[in-house]
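Here is the structure we will look at.
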Amino acid sequence: MEQTSFTIPLLFNDEAFRHDLLTWYQGNKRLLPWRENQDPYRIWVSEIMLQQTQVDTVIPYFNQFMERYPTIKELAEADEQNVLKSWEGLGYYSRARNLHTAVKEVVEKYDAQVPSDKKELKQLKGIGPYTLGAVLSIAFNHPEPAVDGNVMRVLSRILHIDEDIAKPKTKKLFEEVVKEIISYEDPSSFNQGLMELGALVCHPKNPECETCPVQQHCLAYEHGDQKDLPVKTKQKKQKVSSYYGLVLKNDEGKFFIQKRPDEGLLANMWEFPIVLQEEFDQKELVNWFEVEYGLSINIYTQGKRVRHVFSHVIWEVDVIYASVKGGQKSDGDGKFVTLEELERYPMPNIQQKIKKLIH
DNA sequence: CAGGCGTGGAT
DNA sequence: TATCCAAGCCT
């Protein structure tokens, strides 16, 4: 039997819940860099970085990003390559490109002021339902829901909602729930309090119910089945793809790298050339490279296999070392650079692994 | 809607 | 090692 709507139980004391949550949050919130003030730009950047990324991972990136791009205008004027370099290692790189695009739009259309208007904010690249609510509530104190994984987990337990949180439709349900119980006195602390509770107390596994500030409001705790909530369907297993990765060095000791396409996986990041093994056998590599790049290479050894797990695919890259004649040629997005120059190019972690094998 | 889109921490 | 999953968005 599918549940298409949800009504908050009459038993649920939303006023007492707000009070208990806000009191706990006030006394237990972490001191985080993006909580130092309410600068909408800082809140915005932090929310983008925090998408699917843990707080401890974000902190150093956020601090360096703010040091390098203290204001919207400075970010808007930056080269995308430098923005990606600042994002290097953080993952989901389209976040950085979308943020850069959005910031430029804010400079042009809104005089470099982050719009507090819901419709204007929502139209910006990279701002979806969650980030919209987060920026509106945290930066502007608007009573808008900001429903992320924490909020769905916490509220699914509190209100005993067993809808599959992996389904888009379920998030809308939680947004409706939050609209009904959010604090109009302090929407910022309410939204952050729910997330903070999810991060510090109401863990996915082994929730610390005994010390939970809203235990008395929790239906799942009352039922004793908090470990069965939230309901979430499993993700599919990643498929493995095998590649050859070519570390090419010319007579000047420079290495060949290229820029990836402007969309798809690792868009606009740089890499040592790779090719699917199912498309070209190792015997065909020399000819393939000649045809594809117009360069004659000489393979001299095969190195280690590098394994890298992405969110949806696994790469196994056999590293091939080769020399190349001449190599001043740099048509397309490929070029020869020294190891020192290589440091300036944004490269994803899989490529960093390959780079470390150079000796 | 389902699937593409990174990385690292926790168990 | 395997699996989940973390302040999601885009197409």
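Computed from heavy atoms alone, side chains included, the values below leave out hydrogens, waters and symmetry copies. Chain A is the first sequence line, chain B the second, and so forth, proteins listed ahead of strands; every chain is numbered from 1.
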Residues of [range] with any non-hydrogen atom less than 4.0 angstrom from an atom of DNA chain B: list those, numerically ordered, please.
{"range": "residues 263-274 of chain A", "result": "A/Gly264, A/Leu265, A/Leu266"}
{"range": "residues 175-192 of chain A", "result": "none"}
{"range": "residues 47-62 of chain A", "result": "A/Gln52, A/Thr53, A/Gln54"}
{"range": "residues 121-134 of chain A", "result": "none"}

I'd like a table of donor-acceptor pairs (distance under 3.5 Å, sequence neighbours excluded) in which one partner is a side-chain atom from residues 197-213 of chain A, with atom names and distances.
from	atom 1	to	atom 2	distance (Å)
A/His203	ND1	A/Val201	O	3.3
A/His203	NE2	A/Leu200	O	3.2
A/Thr211	OG1	A/Glu208	O	3.3

| A/Gln81: partners by side chain to side chain donor-acceptor pair (under 3.5 Å), with sequence neighbours left out |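 Expected list: A/Trp270.
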| task | Apply side chain to side chain donor-acceptor pair (under 3.5 Å) to A/Gln26 and list each qualifying residue two or more places apart in sequence or on a separate chain. | result |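 Checked A/Gln26 against side chain to side chain donor-acceptor pair (under 3.5 Å); zero matches.
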| task | Output every pair passing side chain to side chain donor-acceptor pair (under 3.5 Å) with a member in residues 179-189 of chain A, not counting sequence neighbours, ordered by first then second residue. | result |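 Residue pairs passing side chain to side chain donor-acceptor pair (under 3.5 Å), neighbours aside: A/Glu176-A/Lys179, A/Asp186-A/Ser189, A/Ser188-A/Gln192.
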| query | Could you give all pairs that pass the side chain to side chain donor-acceptor pair (under 3.5 Å) test and reach residues 226-241 of chain A, with sequence neighbours left out? | reply |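 Every side chain to side chain donor-acceptor pair (under 3.5 Å) pair that includes a residue of residues 226-241 of chain A, provided the two are not neighbours, is A/Asp164-A/Thr233.
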| request: Enumerate the residue pairs fulfilling salt bridge (charged side-chain N to carboxylate O under 4.0 Å, His left out) with a member in residues 84-101 of chain A, sequence neighbours excluded, ordered by first and then second residue. | output: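 The answer is A/Lys85-A/Glu88.
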| field | Nucleotide interval of DNA chain B bounded by contacts with chain A (heavy-atom cut-off, under 4.0 Å) | value |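 Listed 5' to 3', the contact boundaries are B/dC1 to B/dG9.
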Enumerate all atom pairs, one protein N or O and one N or O from nucleotides 1-3 of chain C, separated by less than 3.5 Å.
none

